[in-house]
Amino acid sequence: MKPADPADWVDEAARRYPERVFLKADTGRELSYTSLHDESGRFASALMRRGVRAGERVAAQVDKSAEAVLLYVACLRMGAVFVPINVANTPAEVDYFLRDSQPRIAILRPTDLASLEPLARRAQIPHIETLGTDGGGSLAELARQSGTEFPRSKSESADAPAAIVYTSGTTGRSKGAMLTRANLATNAAALIETWRFTGRDVLLHALPLFHVHGLCAAINTVLASASGLVLLPKFDAALALKHLPQATVYMGVPTHYTRLLRLPKLNREAVAGMRLFISGSAPLLAQTHREFLQRTGHAILERYGMTEALMITSNPCDGARVPGSVGTPLPGIAVRVANSETGAVETAVDVVGTLEVKGPNVFAGYWRDADKTRGEFTADGWFKTGDLGRIDSAGYVHIVGRAKDLVISGGYNVYPKEVEAELDAVPGVLESAVFGVPHPDFGEGVSAAVVLKSGAALSETELIEVLRTRLAAYKVPKRVVFVDELPRNAIGKVQKKALRAAFRSLYRPN
Ligand code: MCA
Ligand code: AMP
């Protein structure tokens with residue numbers, strides 16, 4: 001059966017289950033599927049009053065709230081392209097996203113209006129509105145004055161983009177990954193099947209809404225299965241534990257699980273109503289998997305995904321959940337291993353190489369960057385993930401490292417190139433190298449080795465302070481070490497491996 005188009009998820013659910021609860025916020029706010037239908041309709045009408053039409057971009061840097069979800073749902077229903085922006089991004093970063101995505105409308109936090117409106121105007125964005133939590137902001141006001149029905153465009157093509165999600169890359173410049181309606185529809189259907197979502201499920205949502213983990217894997221799966229959502233403003237271990245009894249499913253990054261494990265009250269009783277804990281975005285240590293099983297009786301289900309390909313593989317609901325493995329490809333998706341040097345496809349089991357993906361989950365390309373898009377695909381149309389892995393005899397994928405130069409901190413991707421460019425621009429810095437080493441809370445800690453120009457006097461704190469004005473705080477190195485020179489190989493390439501080895505205990509307590 002063809003999966004339902006994202007534009008129809010809400011209409012379908014509201015028709016079949018009008019009274020069912022879609023969302024409960026920790027503030028007490030509750031939306032049934034009927035209210036979701038009506039309220040998102042008002043947001044769609046409001047966007048249309050600002051001239052937004054199907055295919056146009058709606059950029060949003062807003063705090064997580066029921067209203068933010070309504071805005072996303074409105075975009076899905078009217079065929080507009082949602083462009084979420086991380087709330088941690090600095091004005092310099094937001095400036096780039098707005099200029100690059102050229103949205104019809106930018107939606108900002110009320111408190112950011114004064115600082116960001118001038119740059120949004122300079123980027124020639126026709127409309128700027130605000131959206132706060134708890135119903136504040138000019139867009140929410142406009143929605144309240146708008147009707148619940150809006151003119152529906154003729155059914156959008158399945159290949160039309162539904163969202164553009166920015167992801168940095170090894171070149172240092174962020175690129176917008178265009179995710180189509182078919183990407184969203186087929187991935188939600190595959191996850192419902194694999195994770196056995198039904199209308200009786202309630203997902204405890206503590207992830208941010210500006211990445212595909214919290215937006216697509218979480219919200220879309222709930223919408224497409226007409227299940228429920230308990231929405232927390234952000235991850236806080238104690239708050240999550242408090243709300244677990246209202247939920248049946250949890251999705252998180254490994255840092256969520258290690259922080260939950262630090263709470264003495266996490267035990268079998270606290271998770272009595274839960275049927276499934278899912279982890280992704282970064283490697284889950286086998287030790288975390290074991291400890292969680294011991295404390296709660298639940299084997300965390302690990303899955304693997306990427307902005308450009310949504311969810312790719314997953315351990316099963318029924319059947320072996322193998323610690324250290326990300327499971328098998330989701331229905332309709334194929335994964336293969338290619339030799340990292342030659343690109344030749346490896347057919348033998350357990351051979352390590354670059355993982356490549358093919359299927360209806362793979363994105364339509366980078367926004368306005370056909371060259372970059374071409375470079376990420378093989379000649380026979382497989383997407384090159386840049387992750388190193390092997391496939392075992394049972395078909396389970398194991399990620400063993402990364403071919404791409406990337407640090408994953410608390411589930412956020414940090415591309416060293418972007419951080420190095422900012423470090424190198426600081427007067428007094430000769431050169432720098434950014435790398436990740438084990439961090440007890442974030443999995444990997446973003447770290448920098450810096451060579452100063454002769455005579456320059458800069459402290460670690462000073463450098464970190466400068467970077468904080470340029471980059472989102474999670475990208476800023478937690479530690480900067482000064483070195484006389486960077487380790488290089490015979491052809492002059494910086495040896496990050498040597499830096500990782502030399503500084504692997506940087507975050508270990510003595
Ligand atoms: C916050 N900080 C961080 C991070 N998050 N530093 C390094 N890495 C991080 N991930 C910094 C803040 O800048 C701040 O610094 C301090 O830590 C505390 O900030 P706070 O806002 O309180 O953060 P937190 O609540 O401690 O957040 C940690 C977190 C959060 C809960 C782990 O980062 C998170 O929700 N991560 C999930 C990311 C995610 O959704 N990834 C999915 C990407 P200071 O105090 O110095 O100012 S999508 C993906 O990867 C693919 C598709 C996939 O497979 O899912
Ligand atoms: P992003 O670019 O934010 O979409 O992050 C995608 C990357 O996160 C992947 O290419 C992997 O490197 C990493 N990732 C996602 N899930 C897992 C996982 N379960 N284990 C290891 N790495 C993962």
Side-chain angles (χ1 to χ4, degrees), residues 63-64 84 86-90 165-170 174-175 177 179 187 205-218 232-240 251-260 278-286 288-289 300-315 323-327 354-355 357 361 363 376 383-389 397-415 436 439 441-447 461 464-465 467-468 471-479 507:
D63 283 321
K64 190 178 172 185
N86 190 331
V87 289
N89 284 133
T90 61
V165 183
Y166 277 87
T167 157
S168 320
T170 40
S174 290
K175 304 152 303 200
L179 295 163
N187 212 240
H205 194 299
L207 288 158
L209 289 174
F210 38 74
H211 282 300
V212 306
H213 192 169
L215 191 69
C216 303
L232 303 184
K234 60 176 284 207
F235 177 78
D236 170 280
L239 193 66
M251 291 181 197
V253 299
T255 300
H256 292 189
Y257 289 104
T258 51
R259 289 187 184 181
L260 279 168
I278 304 169
S279 175
S281 305
L284 182 78
L285 295 179
T288 312
H289 188 278
I300 299 173
L301 178 153
E302 187 171 6
R303 57 79 187 156
Y304 160 57
M306 241 186 123
T307 303
E308 291 90 336
L310 298 172
M311 300 303 110
I312 304 167
T313 69
S314 176
N315 273 280
S325 165
V326 292
T354 310
L355 297 172
V357 191
N361 56 319
F363 74 142
E376 300 294 317
F383 177 67
K384 300 187 263 187
T385 64
D387 291 309
L388 292 177
V397 176
H398 301 251
I399 297 176
V400 302
R402 295 168 210 137
K404 54 194 173 193
D405 190 15
L406 164 70
V407 183
I408 304 184
S409 169
Y412 282 139
N413 286 7
V414 181
Y415 279 87
H439 187 287
D441 188 28
F442 294 121
E444 287 181 304
V446 178
S447 316
T461 321
I464 289 176
E465 284 309 311
L467 257 57
R468 273 180 170 272
L471 296 168
Y474 69 87
K475 299 177 188 169
V476 175
K478 302 274 178 229
R479 290 292 316 270
Y507 302 101

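When a ligand or atom number is given, it counts from 1 through the structure's own listing order. For the numbers below, each heavy atom of this structure counts, side chains included, while hydrogens, waters and symmetry mates do not. Because the structure is predicted, anything quoted here is derived from the model rather than measured.
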Next item on the list: Using distance alone, determine whether T307 and ligand 2 share an N or O pair under 3.5 Å.
Entry: yes

Next item on the list: Tell me which part of A282 gets within contact of ligand 2: side chain, backbone, both or neither, using heavy atoms under 4.0 Å.
Entry: backbone

Margin query: Taking the basic N atoms (NZ, or NE/NH1/NH2) and the acidic carboxylate oxygens, is any pair closer than 4.0 Å for R259 and D236?
Written below: no

Margin query: When you compare ligand 1 with K234, is there at least one nitrogen or oxygen pair between them that comes in under 3.5 angstrom?
Written below: yes

Next item on the list: Using a strict 4.0 Å cut-off to heavy atoms of K478, name the atoms of ligand 1 that fall inside it.
Entry: 3 (C), 6 (N), 7 (C), 11 (C)

Notebook entry, point to check: Taking only heavy atoms of E302, which atoms of ligand 2 are found under 4.0 Å from at least one of them?
Noted result: 18 (C), 19 (N), 20 (N)

Next item on the list: Report yes or no: does R303 have a heavy atom closer than 4.0 Å to ligand 2?
Entry: yes

Next item on the list: State the atoms of ligand 1, each with its element, that fall below the 4.0 Å cut-off from a heavy-atom position in P208.
Entry: 35 (O), 40 (O)

Note to self: With a heavy-atom distance limit of 4.0 Å, tell me whether R468 approaches ligand 1 through its side chain, its backbone, both, or neither.
What the structure shows: side chain

Check: Against heavy atoms of I408, which atoms of ligand 2 measure under 4.0 Å?
Finding: 8 (O), 12 (O), 13 (C)

Notebook entry, point to check: So which protein heavy atom does atom 3 (O) of ligand 2 come closest to, and at what separation?
Noted result: N413 ND2, 3.1 Å

Next item on the list: Using non-hydrogen atoms of the residue, decide whether K404 is closer than 4.0 angstrom to ligand 2.
Entry: yes

Margin query: Taking the ring of F363 and the ring of F383, is the distance between their centroids below 6.0 Å?
Written below: yes

Margin query: Using a strict threshold of under 4.0 Å (side-chain N to carboxylate O), is an ion pair present between R402 and E444?
Written below: yes

Notebook entry, point to check: So which protein heavy atom does atom 14 (C) of ligand 1 come closest to, and at what separation?
Noted result: A473 CB, 5.0 Å

Checklist line | Contact atoms of ligand 1, heavy-atom distance to V212 under 4.0 Å | finding: 52 (C)

Notebook entry, point to check: Looking at ligand 2, does any of its N/O atoms fall within less than 3.5 Å of an N/O of T385?
Noted result: no

Notebook entry, point to check: So which bit of R303 gets within less than 4.0 Å of ligand 1, heavy atoms only: side chain, backbone, both or neither?
Noted result: side chain

Notebook entry, point to check: With atoms numbered from 1 as shown, which atoms in ligand 1 lie under 4.0 angstrom from a non-hydrogen atom of T307?
Noted result: 52 (C)

Margin query: For ligand 2 and S281, I'd like to know whether there is a polar contact (N/O to N/O, distance under 3.5 Å).
Written below: yes

Next item on the list: Consider every N or O of Y412 and every N or O of ligand 1, then say whether any pair is closer than 3.5 Å.
Entry: no

Item checked: Which segment of F442 sits under 4.0 Å of ligand 1 when only heavy atoms are counted -> side chain

